[in-house]
*Asks:* 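Here it is: the structure, laid out below.
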Amino acid sequence: MRASKFMAGLLALASLWAMPATAQRVLEVPATAGWKHAETGVILRAALTGLPRTRLTDSSNAELDVAAQYGDPDDISLTLYIFRPALQSAPMWFDRAETQIQQRGTFGDPAPTSAPRAFARSPGGSASALRRVYVPSKPPYRSTGVAMIPLGE
């Protein structure tokens, strides 16, 4: 693996930085198969917590900005992003994602359920990732959340 760093951002019920569909390259992967991100080795399974993967796109031609959609946008959905940031700072990207959640009218005035929580990506690892859950004040959403996880060397 080349010495590079990527971030993974997990946004439940929210596609915060969606690019126009014409700018995205659809990655054709069978619905029952996992897909491996070449640079980080992250495997995006066919389903997460029972939610099937419904779409996999790349806004670049080199897997630098990958988005995976899971679930049903009208019910429970989850979006996972793998991107190469210009600045390797989970707290800074967490703040940017949180600002989008709070200022996006879709969720009304979302209330955090707790302070941001640091966590380790793997057992015994350093707590370099951040997560937080919110309760939107506007239906139909019951919750949304964000997690920023540094990947790579």
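Treat the numbers as computed from the prediction; the structure is a model and nothing was measured.
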*Asks:* Is there a side-chain contact between Phe119 and Ile149, using heavy atoms and a 4.5 Å cut-off?
*Replies:* yes

*Asks:* Got a sec, which residues hit side chain to side chain donor-acceptor pair (under 3.5 Å) with Ser89, two or more places apart in sequence or on another chain?
*Replies:* none

*Asks:* What distance separates Arg25 CZ from Leu56 CG, expressed to the nearest 0.5 Å?
*Replies:*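 So the gap between those two atoms works out to 9.0 Å.
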
*Asks:* Between Ala62 and Ser60, which heavy-atom pair has the shortest distance, and what is it?
*Replies:* N-OG, 3.1 Å

*Asks:* Decide side-chain hydrogen bond (donor to acceptor under 3.5 Å, both in side chains) for Thr54 and Gln69; before the verdict, give the C-alpha distance in whole Å, the side-chain angles of both, and the deciding distance to 0.1 Å.
*Replies:* CA-CA 6 Å; Thr54 56; Gln69 282 290 143; 5.1 Å; no

*Asks:* Roughly how far apart are Gln24 CD and Asp65 CG, rounded to 0.5 Å?
*Replies:*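 The CG atom of Asp65 is 8.0 Å from CD of Gln24, to the nearest 0.5 Å.
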
*Asks:* Could you tell me the separation between the OG atom of Ser77 and the CG atom of Leu51, rounded to the nearest 0.5 Å?
*Replies:* 8.0 Å

*Asks:* Run the side chain to side chain contact (heavy atoms under 4.5 Å, CB included) test on Ile43 and Trp35 for me, step by step, so that the C-alpha distance in whole Å, both residues' side-chain angles and the decisive distance to 0.1 Å come before the verdict.
*Replies:* CA-CA 5 Å; Ile43 296 174; Trp35 176 83; over 6 Å; no

*Asks:* Using only atom types and a distance under 3.5 Å, with no angle test, would you say the side chain of Asp58 pairs donor to acceptor with the backbone of Glu63?
*Replies:*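 It does hold such a pair.
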
*Asks:* Is the shortest heavy-atom distance from the side chain of Met148 to the side chain of Met92 under 4.5 Å?
*Replies:*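 Counting from C-beta outward, Met148 and Met92 never come under 4.5 Å.
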
*Asks:* Check whether any side-chain heavy atom of Leu27 lies under 4.5 Å from a side-chain heavy atom of Thr57, and answer yes or no.
*Replies:* no

*Asks:* For the CZ atom of Phe94 and the OG1 atom of Thr99, what is their distance to the nearest 0.5 Å?
*Replies:*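 So the gap between those two atoms works out to 9.5 Å.
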
*Asks:* Is Arg45 reaching over with its side chain to a backbone N or O of Arg53, donor-acceptor style, under 3.5 angstrom?
*Replies:*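 Checking the backbone N and O of Arg53 against the side chain of Arg45, no donor-acceptor pair under 3.5 Å is found.
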
*Asks:* For Leu87, is there any backbone N or O sitting under 3.5 Å from a side-chain donor or acceptor partner on Trp93?
*Replies:* yes

*Asks:* Just wondering, do Arg55 and Val26 contact through their side chains at under 4.5 Å, heavy atoms?
*Replies:*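 With C-beta onward as the side chain, the pair touches.
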
*Asks:* Are Leu44 and Leu80 packed together at the side-chain level, in the sense that at least one heavy-atom pair is separated by less than 4.5 angstrom?
*Replies:*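 The answer is yes, as the side chains (C-beta and beyond) meet within the 4.5 Å cut-off.
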
*Asks:* Taking all non-hydrogen atoms of both residues into account, name the closest pair between Ala97 and Val146 and its distance.
*Replies:* CB-CG2, 3.6 Å

*Asks:* Let me check something: any side-chain donor-acceptor pairs from residues 125-138 under 3.5 Å, sequence neighbours excluded? List them with distances.
*Replies:*
{"unit_1": "Arg132", "atom_1": "NE", "unit_2": "Ser114", "atom_2": "O", "d": "2.8"}
{"unit_1": "Arg132", "atom_1": "NH1", "unit_2": "Glu98", "atom_2": "OE2", "d": "2.4"}
{"unit_1": "Arg132", "atom_1": "NH2", "unit_2": "Ser114", "atom_2": "O", "d": "3.2"}
{"unit_1": "Tyr134", "atom_1": "OH", "unit_2": "Glu98", "atom_2": "OE2", "d": "2.8"}
{"unit_1": "Ser137", "atom_1": "OG", "unit_2": "Asp109", "atom_2": "N", "d": "2.7"}
{"unit_1": "Lys138", "atom_1": "NZ", "unit_2": "Gly105", "atom_2": "O", "d": "3.2"}

*Asks:* Quick one: does Pro150's side chain get under 4.5 Å of Gln88's, heavy atoms only?
*Replies:*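 Yes. Closest side-chain heavy atoms under 4.5 Å.
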
*Asks:* Can you confirm whether Thr106 sits close enough to Tyr141 that some side-chain heavy atom of one is under 4.5 Å from a side-chain heavy atom of the other?
*Replies:* yes

